[in-house]
There are 2 protein chains.
Amino acid sequence: MTIKQAAQADANAGVRVWKRLVQAGQQTMAAVEADLKAAGLPPLIWYDALWELEQAGEEGLRPFELERAMLLAQYNLSRLLDRLEAAGHVARCRCPGDGRGQMIRLTDAGRLLRQTMWPVYANAIHTHITVHLNQGEADQLADALALLVRPRP
Amino acid sequence: MTIKQAAQADANAGVRVWKRLVQAGQQTMAAVEADLKAAGLPPLIWYDALWELEQAGEEGLRPFELERAMLLAQYNLSRLLDRLEAAGHVARCRCPGDGRGQMIRLTDAGRLLRQTMWPVYANAIHTHITVHLNQGEADQLADALALLVRPRP
DNA sequence: GTTAGATTAATGCAATTGCATCTATCGGAG
DNA sequence: CTCCGATAGATGCAATTGCATTAATCTAAC
């Protein structure tokens, strides 16, 4: 095999990974979202935000921290917080020590919502992911995917 | 290890796969889209449509065929075709034998656009996928992802 | 202390997506 | 032939996302 052929084979392998990554990502994401919706629950992105806030503990998080944790554009996060706040799941609090900023805190309703969503979410992951893999395959896939995830700056 | 513990480990593995799948999918997708945009080119979904139509050959495709090939909701496809048609990349033609339907055909401009996009797209896949994997890892990852892709109905 | 530049967050407006519904045609049952 | 349910595709309207810009505050240099 020439060097050129090897590079070609490599490129093809990359394209195959890309196609399947996109397809698997879209399909499973759509399936999980659909399960949440079918249960009358809000979308995944709400769960992510609530989860990050719950992890952060009592004092909450600055929006820009949440933004980085969720890989979300600034304006998208701002509006997600609008919705979460309107629904009573988070509170925007004054930020001691930085007049520009805020602390976002989970409310009791927010904590409850996250707890309500989790069983449905977990079950969806089970249905659309876990079931299709044995232990070895799952470990291997998780490791391989980790190679693609860009380390956080 | 008890049966319960095994089930737990399995669930955890599934959740790990899920998280990384979502993250890798989002990150690489965003990076590839950004590369296209930086080159002044339209989004990936345009490429996909043009590619499917080019594969389909001279007579084109029915919208519902394209819809299935692209895993796109009917109204989303309808509007994507509006945009592609407005930009002169596809033509909606009368469908012989089915008065409800149409044949979507690639125009010369559409063919040219796809050809223009491909080098940028290929390079993006290389940068964001191929580079991070050796041949074995790529093959293994592609195989593992295939386990998650739901076979087309 | 003033000021220039950076950082934090919000917002007006356009593009896209999602949902529900609508029109037109098809195809088979009677 | 006529009617009815099913299929193909479009569209009005609401929600979300993306883009560009804005307002307020902070930080550091002078």
Side-chain angles (χ1 to χ4, degrees), chain A residues 26 29-38 40-49 52-53 59-87 89-105 153, chain B residues 26 29-38 40-49 52-53 56 59-87 90-105 153:
Chain A
Q26 283 188 177
M29 179 79 82
V32 170
E33 290 280 17
D35 286 359
L36 283 171
K37 176 169 298 194
L41 293 170
L44 256 179
I45 199 168
W46 284 40
Y47 185 90
D48 289 347
E52 293 289 344
L53 288 168
E59 75 233 73
L61 284 179
R62 299 287 299 269
F64 72 90
E65 296 177 299
L66 205 45
E67 185 187 323
R68 281 161 205 174
M70 298 178 69
L71 301 174
L72 217 54
Q74 182 268 320
Y75 48 83
N76 277 337
L77 177 63
S78 178
R79 274 157 172 157
L80 174 59
L81 290 176
D82 289 347
R83 280 169 255 152
L84 286 170
E85 186 184 32
H89 299 307
V90 307
R92 283 170 153 132
C93 306
R94 308 201 66 258
C95 178
D98 190 340
R100 297 166 299 182
Q102 332 173 325
M103 298 304 303
I104 308 297
R105 296 213 188 95
Chain B
Q26 282 188 175
M29 179 78 84
V32 170
E33 291 278 16
D35 287 359
L36 283 170
K37 176 169 299 194
L41 294 170
L44 256 179
I45 200 169
W46 284 40
Y47 186 92
D48 289 346
E52 293 288 345
L53 288 167
E59 75 233 71
L61 283 178
R62 298 289 298 270
F64 72 89
E65 296 176 298
L66 206 43
E67 184 187 324
R68 280 160 206 177
M70 298 179 67
L71 302 174
L72 217 54
Q74 182 268 320
Y75 49 82
N76 278 336
L77 178 63
S78 179
R79 275 158 171 157
L80 174 59
L81 290 177
D82 288 348
R83 281 170 255 151
L84 286 170
E85 186 184 31
V90 307
R92 285 171 151 129
C93 307
R94 309 202 65 257
C95 180
D98 190 339
R100 296 166 298 182
Q102 336 173 320
M103 297 306 302
I104 308 296
R105 296 213 187 95

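Worth knowing before you read on, the calculation uses all heavy atoms, side chains too, and leaves out hydrogens, waters and symmetry mates. In what follows, chains are A, B, ... by sequence order, proteins preceding strands, each numbered from 1.
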Legend entry - Backbone of A:Q102 reached by a side-chain donor or acceptor of A:R62 within 3.5 Å: yes
Legend entry - Whole-Å distance separating the CG atom of A:L77 from the P atom of D:dG18: 13 Å
Inset, instruction - Report the distance from atom CG of B:L44 to atom C1' of C:dT16, rounded to the nearest whole Å. - result: 16 Å
Legend entry - Heavy-atom pair of closest approach, residues A:A49 and A:L66: O-CD1, 4.4 Å
Legend entry - A:R100 side chain near D:dT22 phosphate (N/O to OP1/OP2, under 4.0 Å): no
Inset, instruction - Establish, with yes or no, whether the OP1 or OP2 oxygen of D:dA10 is under 4.0 angstrom from a side-chain nitrogen or oxygen of B:S78. - result: yes
Inset, instruction - Would you tell me if any nitrogen or oxygen in the side chain of A:N76 comes within less than 4.0 Å of OP1 or OP2 on D:dT16? - result: no
Inset, instruction - Over all heavy atoms of both residues, which pair between B:C93 and B:R105 is shortest? Give the atoms and the distance, please. - result: SG-NH1, 3.2 Å
Inset, instruction - Please report, rounded to the nearest Å, how far the P atom of D:dT25 is from the CZ atom of A:F64. - result: 17 Å
Inset, instruction - Whole angstrom is fine here: how far is it from CD in B:E85 over to P in D:dA10? - result: 9 Å
Inset, instruction - Check every strand shown and say whether B:D82 touches a base, only sugar-phosphate, or nothing at a heavy-atom separation below 4.0 Å. - result: nothing
Legend entry - Between C1' of C:dA15 and CG of B:L80, the distance in whole Å: 13 Å
Legend entry - Nearest-neighbour nucleotide for the A:Q74 side chain, C:dA9, D:dA10, D:dG9 considered: C:dA9
Inset, instruction - Measure from the side-chain heavy atoms of B:Q102 and tell me the nearest of C:dG12, C:dT25, D:dA10. - result: D:dA10
Legend entry - Phosphate-side-chain proximity, A:R92 and C:dA9, N/O vs OP1/OP2 below 4.0 Å: no
Legend entry - side-chain contact (heavy atoms from CB on, under 4.5 Å) between A:E52 and A:M70, worked out: CA-CA 8 Å; A:E52 293 289 344; A:M70 298 178 69; 4.2 Å; yes
Inset, instruction - Between D:dA6, C:dT16, D:dG9, spot the one nearest the side chain of B:R62, thanks. - result: D:dG9
Legend entry - Between CG on residue B:L77 and CG on residue B:L84, distance to nearest 0.5 Å: 9.0 Å
Inset, instruction - Measure from the side-chain heavy atoms of A:D98 and tell me the nearest of D:dA10, C:dT25, D:dC26. - result: D:dC26
Inset, instruction - Rounded to the nearest angstrom, tell me the gap between atom CD1 in A:I45 and atom C1' in D:dT16. - result: 10 Å
Inset, instruction - Measure the CD-CE distance between A:E59 and A:M103 for me, rounded to the nearest 0.5 Å. - result: 6.0 Å
Inset, instruction - Find the distance B:L81:CG to D:dA10:C1' and express it as a whole number of Å. - result: 11 Å
Inset, instruction - Would you indicate, yes or no, if C:dT8 has its OP1 or OP2 atom less than 4.0 angstrom from a side-chain nitrogen or oxygen of A:R68? - result: yes
Inset, instruction - Would you mind telling me which of C:dT17, D:dG18, D:dG9 lies closest to the side-chain atoms of B:K37? - result: D:dG18
Legend entry - A:L84 CG to D:dA15 P, straight-line distance once rounded to whole Å: 16 Å
Legend entry - Any A:R83 side-chain N or O less than 4.0 Å from OP1/OP2 of D:dT17: yes
Inset, instruction - Please state whether the base of D:dG18 and the side chain of A:R79 form at least one donor-acceptor pair under 3.5 Å? - result: yes
Legend entry - Options C:dC26, C:dA10, C:dT11, nucleotide nearest the side-chain atoms of A:Y75: C:dT11
